[in-house]
2 protein chains.
Amino acid sequence: MASRPATEAALPNLEKRSGKQRRKANDQTIYESIYDAVLTQRLPPGSKLPEVALGELFGVSRSIVRKALTRLAADHVIEQRPNQMATVAKPSVEETQQIFEARKTIEAEVVRLCAGALSKGDLQSLRQLIKEEKAAHESGQHQERVHRSMGLHLFLADHCPNRVLGKIQRELVLRTSIVIALYKVAGVQACFLGDDHSRLVEFIAKGKGDQAAALVREHLDTLADLLDLKDQQSTIDLASILRP
Amino acid sequence: MASRPATEAALPNLEKRSGKQRRKANDQTIYESIYDAVLTQRLPPGSKLPEVALGELFGVSRSIVRKALTRLAADHVIEQRPNQMATVAKPSVEETQQIFEARKTIEAEVVRLCAGALSKGDLQSLRQLIKEEKAAHESGQHQERVHRSMGLHLFLADHCPNRVLGKIQRELVLRTSIVIALYKVAGVQACFLGDDHSRLVEFIAKGKGDQAAALVREHLDTLADLLDLKDQQSTIDLASILRP
DNA sequence: GTGTACCCGCGTGTATACACTTCCGGGTTC
DNA sequence: GAACCCGGAAGTGTATACACGCGGGTACAC
């Protein structure tokens, strides 16, 4: 049983979430289930994803599973190597920093475009999201809080007037969440940084694009600093250790 | 024969390029072949891509073709609808403008990061690319010129220190090329705009990131202005035409 | 002549069978 | 005792068979 602990431990969690929907899942369902499991750390980085097991779990054949895995690989959620089981992506420290830098560039532009361009209803939804995030935070519901916190950034991505930039932003938000799950130090309340979110929404509401962009950059820098990027387990230099 | 002219006319062009490699193509080969055919307009937007025909053409089964098509759809090169043949993407005017705007944001940052960070050899390669582009331009080799011109931007994407941003840039360059192929007015020498490319490389060589970024934005604006975005065939307002 | 309903063919959606590759474990040999 | 070799189990890679959905064409009715 020690041969593939990640698989045996995590795969059942996939069905736990959605109950007994073992029948007739399509590739989109599988895609979202795995994605969500990765984000909530039920599937930690490096977890193995055997096609047959997934197929049995969702009640479909490997064809569907393979399609979902191909899409997940295209979105950098998992890694596929020839003749080997797919594994949940395990971004390096370097890649993590680059993801944050890239997101700073894109999200700054996204909020700039959003500023003054969102409807009253959109702003209302944003304020509601922040309220729910705080509530989840205070009641200690980890998964809920992660979803709400990420939800604000996803909302901005989905409502950016530039749909192309919005989709890029969405992908980066999700990748960011993965690395946060990977490198987050225990106890840190990621992305719940003071009232950054509240201030950001107000800047957007008042059409102050430049200030919103600046705040986002600062917000992401603070977030990146909270990560424990010193943990270099995956980049151990065997030579320096074993050399006499 | 009028039922699917695009397919019958264009699909044979796929094999024409690679000669007689009808044996044992993998999904990567198919992916690249279709991608290249789209970029060089051998497969114009809207072209149908039947799985069986592609399979026979490349000597593989539909499984491989489907994998390639799934990846192409993820990269916005083709569009897949349930129970319908995949078609080459046909970006709207609005999406085209958004692609250019997004690329301005990303590429400006990419060249800023490249400035002063490229090796002597890289700069040498860039200057060589520009030379080849000019040569292809003057000798009237359309396909070659398109490749070289795009090649400079792809080179910058691939050599950007931030690999994440580089990959986003690469995708946007390719999508830009698609819309250029789609909306280019006859006779326009797209992306061969004076000595923009030469000046850009020199800015990068001298580490003048801000000036390089500014030039890129200007370059892309000029390029977008050359397109005939008034052509709204796909968004015809029937009401305004048929109303008495 | 026109409108409608049915049928058939083409193409995709899904499942499954089989071949190949990889990895692990035991046995043998030096 | 250690290293190498070999065999089998598990998993992916690919092809193929069959089911389903859509669209066009024809025949029939009005």
Side-chain angles (χ1 to χ4, degrees), chain A residues 1-12 14 21-34 43 46-74 77-89, chain B residues 1-12 14 21-34 43 46-74 77-89:
Chain A
M1 68 175 70
S3 61
R4 42 180 195 281
T7 299
E8 292 179 356
L11 247 46
L14 280 179
Q21 59 154 26
R22 278 164 169 267
R23 287 292 159 235
K24 290 297 164 194
N26 55 11
D27 73 289
Q28 182 65 20
T29 305
I30 301 177
Y31 175 92
E32 290 172 359
S33 294
I34 295 179
L43 276 180
S47 303
K48 293 181 177 181
L49 299 169
E51 297 176 2
V52 282
L54 289 171
E56 290 170 5
L57 195 61
F58 288 96
V60 296
S61 77
R62 282 176 51 215
S63 316
I64 318 294
V65 175
R66 284 176 73 81
K67 181 166 185 178
L69 292 181
T70 299
R71 291 179 47 203
L72 285 165
V77 178
I78 68 170
E79 289 168 6
Q80 278 183 309
R81 317 186 92 79
N83 292 310
Q84 255 170 283
M85 274 185 286
T87 60
V88 176
Chain B
M1 67 176 68
S3 62
R4 43 178 195 278
T7 299
E8 293 179 354
L11 246 48
L14 280 178
Q21 61 154 27
R22 278 165 168 267
R23 287 292 159 231
K24 289 297 165 194
N26 56 10
D27 73 288
Q28 182 64 22
T29 305
I30 300 177
Y31 175 93
E32 289 172 1
S33 293
I34 294 179
L43 277 180
S47 303
K48 293 181 176 180
L49 299 169
E51 297 176 0
V52 281
L54 290 171
E56 290 170 5
L57 196 61
F58 288 96
V60 297
S61 77
R62 284 176 49 215
S63 316
I64 318 295
V65 174
R66 284 178 72 82
K67 181 167 185 178
L69 291 181
T70 299
R71 290 180 49 204
L72 286 165
V77 177
I78 68 171
E79 288 168 6
Q80 279 184 306
R81 319 186 93 79
N83 291 312
Q84 258 171 280
M85 274 186 286
T87 60
V88 175

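Within every chain, numbering begins at 1; the chains are lettered A, B, ... in the order of the sequence lines, protein sequences first and strands thereafter. Just so you know, these numbers use all the heavy atoms, side chains as well, and skip hydrogens, waters and symmetry mates.
- To the nearest angstrom, C1' of C:dG11 lies 9 Å from CG of B:N83.
- Taking a 4.0 Å limit (strictly below) on heavy-atom distances, residues 62-72 of chain B reaches DNA chain C at B:R62, B:R66.
- Out of C:dA15, D:dG13, C:dG11, the shortest distance to the side chain of A:V60 is found at C:dA15.
- Taking atom CG on A:D27 and atom P on C:dT14, their separation rounds to 7 Å, with Å as the unit.
- Residue A:L69 holds its CG atom at 11.5 Å from OG1 of B:T70, rounded to the nearest 0.5 Å.
- Per the geometry, CD belonging to A:Q80 stands 17 Å off C1' belonging to C:dT22, to the nearest Å.
- When rounded to the nearest whole Å, the span between NZ of B:K48 and C1' of D:dC22 equals 12 Å.
- Taking B:S61 as the reference, B:S63, B:I64 meet the side chain to side chain contact (heavy atoms under 4.5 Å, CB included) condition, with sequence neighbours excluded.
- Going from atom CG of A:L49 over to atom CG of A:L57 covers 11.0 Å, rounded to the nearest 0.5 Å.
- In this view, A:R62 and A:E51, A:V52, A:R66 satisfy the side chain to side chain contact (heavy atoms under 4.5 Å, CB included) rule, not counting sequence neighbours.
- Map B:Q84 and A:Q84 each onto its nearest nucleotide of DNA chain C; the residue landing nearer the 5' end is B:Q84.
- Between atom OG1 of residue B:T29 and atom CD1 of residue B:I34 there is a gap of 11.0 Å, rounded to the nearest 0.5 Å.
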Can you give me every donor-acceptor pair (side chain of residues 78-86 of chain A, partner residue at least two apart or in another chain, under 3.5 Å) with its distance?
none

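- Regarding A:M85, its CE atom lies at a distance of 6 Å from the P atom of D:dT12, rounded to whole Å.
- Atom CZ in B:F58 sits about 14 Å away from atom P in D:dA15, given to the nearest Å.
- When the C1' atom of C:dG13 is taken as reference, atom CD of B:E51 falls 9 Å away, rounded to whole Å.
- Taking atom CZ on A:R81 and atom P on C:dC20, their separation rounds to 24 Å, with Å as the unit.
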